Amino acid sequence: MSGLFGVPWPALMGQLMLGLVNGSFYAILSLGLAVIFGMLNIINFAHGALYMMGAFLAWMGLRYWGIGYGWALLLVPVLVGIVGIVIERAFLQWLYRLDHLYGLLLTFGLALIIEGLFRHQYGVSGLPYEIPAPLTGAFNLGFMFLPRYRAWVIAVSLSVCLGTWIVIEKTRLGAYLRAATENPRLTAAFGINVPLLVTLAYGFGVGLAGLAGVLAAPVFQVNPLMGSNLIIVVFAVVVIGGMGSILGSIVTGIGLGVIEGLSKVFYPEASATVVFVVMALVLMLRPAGLFGREQ
Amino acid sequence: MRSNLFTAALAAALSLAAGTSAAQISDNVVKIGVLTDMSGVYSDLAGAGAVDAVNMAVEDFIRREKPKFAIEVVSADHQNKGDIASNKAREWFDRDKVDVITDLVTTSTALAVMKIAKEKNRLVMVSGAGSTRITNEDCNDVTVHWTYDTYATANGTAKAVVKQGGKSWFFLTADYAFGLSLEKDATDVVLANGGKVLGSVRHPFPGTDFSSFLLTAQASGADVIGLANAGADTINSIKQAAEFGITPKQTLAGLLMFVSDVHSLGLKATQGMYLTESFYWDMNDETRAWSKRFFERQKKMPTMDDAGLYSAVTHYLRAVKATGSDDTQKVMAAMKKTPINDFFAKKGFIRDDGRMVHDVYLMQVKKPEESKYAWDYYWVRQTIPGDEAFQPLSRSRCPLIKQ
C-alpha cells in the first residue's frame, strides 16, 4: 500500500484535514490574543474564560430565549466584546504603565473567577449543544468523511482571520491602530482618541474569543473548563508566531493544528506535547517568534 | 498565626491523650472525613452530592438508631491530586481525630490515603475511585472498596456487547494508569468470550478533540469501539463519534460511565449504549424512595457513588454501634462479619481483600421516545451477581489473600 511511513494516504489526508479544523480554532483565539497584546501590552489570560463564556452564552440563548445558532454567531461576540470593554474600563486601564506581569495576574484571576462562577452554576460535566440542522451531515471527500460543521468552522474562521488582517493592515482604522501601538502620545497629538481605540481593540479581541466559543459549542461539550484546557496551547501558538504579530498568529495557529494532527497519526501519545516542543525549538532559534520583530 | 500554633499543639496533645483510651469511642465522637473532588472533572458524579449523601446517612442513623455517641462529618477537596489528598489525610488523622476517610474519587488519591491510613491505623472506605489495584497489589487491612471497580464495569459491558454480536473491538484509551487498566480488563473479557481486539489508540489525558482518534478507530472497521476513559473524555468521544458518522454504524461501549454523563450528553447522543453501574435510582421502590429524598436536597438524581457512600457510611456506623468502639481493627472485623442489606446492596459482604461484593447491573440507555419522565434514562437489562461481577479471589494479587 502506498503511504508515508506505513500510514496510508487517505488516513493521512483525513488527519491533515482535522488538523486544519483545530488549527482554525487556534488561529482565531491566538489572533484575539495578538491584537490585545499588540495594542494593550496585556497578556490576556482571561481569553480562555471568555471563549468558554461565548459557548455558554450560545447555549443559554438557545435554552432560555430560543435564540438559534445563526443569531448566536452574530450576537454572542458582541456581548462578550461588551463584557471585555467593561473589564478593560474597570480594571485593565490602570495597569498599562506597569509591568506585563500585573496584567497577566489580573486577567488570570478574572479567568478563575469567571470559570468558578460557571462551574458553581452548571457543574463540570458540561451541557449539550446540537449542531444546527443545516450544517449536520457530512461531505464524503473520498479519503474521509468530513462533517459539514467542521468545514463550516474552517470557512468562518479563515474569513474572520483574513478580514481582521485586512482591516488592520490595509485600512485607515488599522493605520490608526498601528500608529497608536507604535507611539500613543504622538498619535494622540494628531487628535486621535487613543484610549477609545485601545478599549475597542480589547473588546474586539475578546469578541473573537466569544466567536470561537460559539463555533466550538456544537463540537465540544459546553463546559466551564473548556477554556482552561485550550488556553495554554493557544499561548504557545502566540509565542511561536511572535507576540503581537497578527499574521504570525494566524499562520502558526493553522500550522500547529496541522502538526498536532500529524503527530496524532504517527505517535498519538505525543500529540499533547508537540506544540510545546515546537515552542521550545522556536524560542531557542528565534526568541522573538517566527513572525515577531526583535525590539 | 500564634493562636493557630497553639490550637495545633493543643490538638496534638489531646490526640495523644485520646490514643491511650482503647476499646472506647474516643471523646465519644465518631468523625467521618469525606475527601472528594469538589471542583474538578469528577465533581458532578461526586462533589457536593457525595458530601450530602454522607450527611443523609448520618442523619438517618441518628434518627433510627439513636446512638449514644456524637457523629461529625468534615469534608475537603482533594483536587484529584495524590499529594493534596495525603496532606489532608494526615491533618485529619493527626490533628482532627478523624476515624474514617471516605469517597476518594481518583485512584491516585485513594492509594495515597490508604497508605497513610495503614500507617496511622485508621479506616478508609473508597467509593469514587475505580482501579482494581485498591484490592490487589495495593490492598491493606484498613481499606474497604465499596461501590464499583473497573473490573466490574468493563466486565459487565464487554461481555454483554460481545454476546450481542459485537465481536471485533478497537479501544480508545486514556493514556494513564486508569485507562490502561480499563483497556486490559475489557480486553481479557472480549477474548475470553470469543471476540477479538483489532487494536487501540492512546489519547492524552485530558483531551478535548478526539476526532483524529475516532477516525483511526473508524478506519479499523471494528464492530465496537470501547471507550477506556472517563468523565469529560468519554462525553466528548461520544459526542464527536456521532458527528463523524461512526455511530450508529459502529457501536460505542462506555467501559465506565455514570448516570451524570448520560444526563449531560442527553439521550439522543447516548441511546442504545450499554454500560454497567452498581446503582440506578429507578430500579425499585427502595431505590426510588431514597433517590427522591436525595433529589429534594441536591436537585439531581444520585450517582452510584452517592448511593454507595450512603450505604458504606451506614454500615460503618452500625459496626461502631455494635462494637461500642471506634477502634479500627474491631470495627473492621464487625463490618466484615455483617452482611450488607440496604437499598444499594442485597446480601453484600466484604472480602478479605477489602472488596465489598454486591450485584451490579447491565444497563442500556433508552431512546429519547422511551423516556417518560425526567432522569428516565436506563433499561436494566441484566443483574450480574456479585461473585460474577467482581474479580474472583482465585486471581487476586493481594498479599492478604493466601493462594
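Below, chains carry the letters A, B, ... as their sequence lines are ordered, and counting in each starts from 1. What you are looking at is a predicted structure, and each value in this text was computed from that prediction instead of being measured.
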Answer key: most heavy-atom pairs under 4.5 Å with chain B among A/Pro147, A/Gly261, A/Pro224, A/Gly123 is A/Pro147
Could you tell me which of A/Gly137, A/Ala138, A/Pro128, A/Ser125 has the largest number of non-hydrogen atom pairs under 4.5 Å with chain B? A/Ser125
For the NZ atom on B/Lys299, are there more than 12 heavy atoms of other groups (residues, nucleotides or ligands in this structure) within a distance under 6.0 Å? yes
Could you check whether any side-chain heavy atom of B/Thr208 comes within less than 4.5 Å of a side-chain heavy atom of A/Met226, counting everything from C-beta outward? no
Is A/Arg63 atom CZ crowded by more than 12 heavy atoms from other residues, nucleotides or ligands, each under 6.0 Å away? no
Quick check on the interface: out of B/Ser211, B/Gly40, B/Pro204, who has the most heavy-atom pairs with chain A under 4.5 Å? B/Ser211
Quick check for you: to the nearest 0.5 Å, what is the distance between B/Thr173 atom OG1 and A/Glu269 atom CD? 10.0 Å
Nearest atoms (heavy-atom pairs only) where A/Pro268 meets B/Val201: CG-CG2, 3.8 Å
For B/Lys268, is it the side chain, the backbone, both, or neither that has a heavy atom closer than 4.5 Å to a heavy atom of chain A? side chain
Given A/Asn22, A/Leu230, A/Ile131, the one with more heavy-atom pairs under 4.5 angstrom with chain B than any other is A/Asn22
If we ignore hydrogens and angles and just use 3.5 Å, is the side chain of B/Asn236 paired with the main-chain N or O of A/Phe220 as donor and acceptor? no
Between A/Gln15 and B/Ser212, is there a donor-acceptor pair closer than 3.5 Å when you use the side chain of the first and the backbone of the second? yes
Closest non-hydrogen atom pair between B/Lys239 and A/Tyr129, with its separation: NZ-O, 3.2 Å
Should we count CZ of B/Phe205 as having more than 12 external heavy atoms under 6.0 Å? yes
Could you tell me which portion of B/Leu265 (side chain, backbone, both or neither) has an atom closer than 4.5 angstrom to a non-hydrogen atom of chain A? both
Would you name the heavy atoms of B/Asp209 and A/Lys264 that are closest together and state the gap between them? O-NZ, 3.7 Å
At their closest point, which heavy atom of B/Ser264 faces which heavy atom of A/Gly126, and how far apart are they? OG-O, 2.9 Å
Quick check: closest heavy atoms across A/Arg119 and B/Ser39, and the distance to 0.1 Å? CD-O, 3.0 Å
Using heavy-atom distances under 4.5 Å, tell me whether B/Val41 contacts chain A through its side chain, its backbone, both, or neither. both
Closest-packed option against chain A by number of heavy-atom pairs under 4.5 Å, given B/His263, B/Gln240, B/Lys300, B/His203: B/Gln240
Over 12 non-hydrogen atoms of neighbours within 6.0 angstrom of CH2 in A/Trp152: no
What residue in B/Gly266, B/Ala269, B/Ala242, B/Ser43 has the most heavy-atom pairs under 4.5 Å with chain A? B/Ser43
Counting a contact as any heavy-atom pair under 4.5 Å apart, which residues of residues 270-282 of chain A contact chain B? A/Ser271, A/Ala272
Can you tell which part of A/Pro218 gets under 4.5 Å to a heavy atom of chain B, answering side chain, backbone, both or neither? backbone
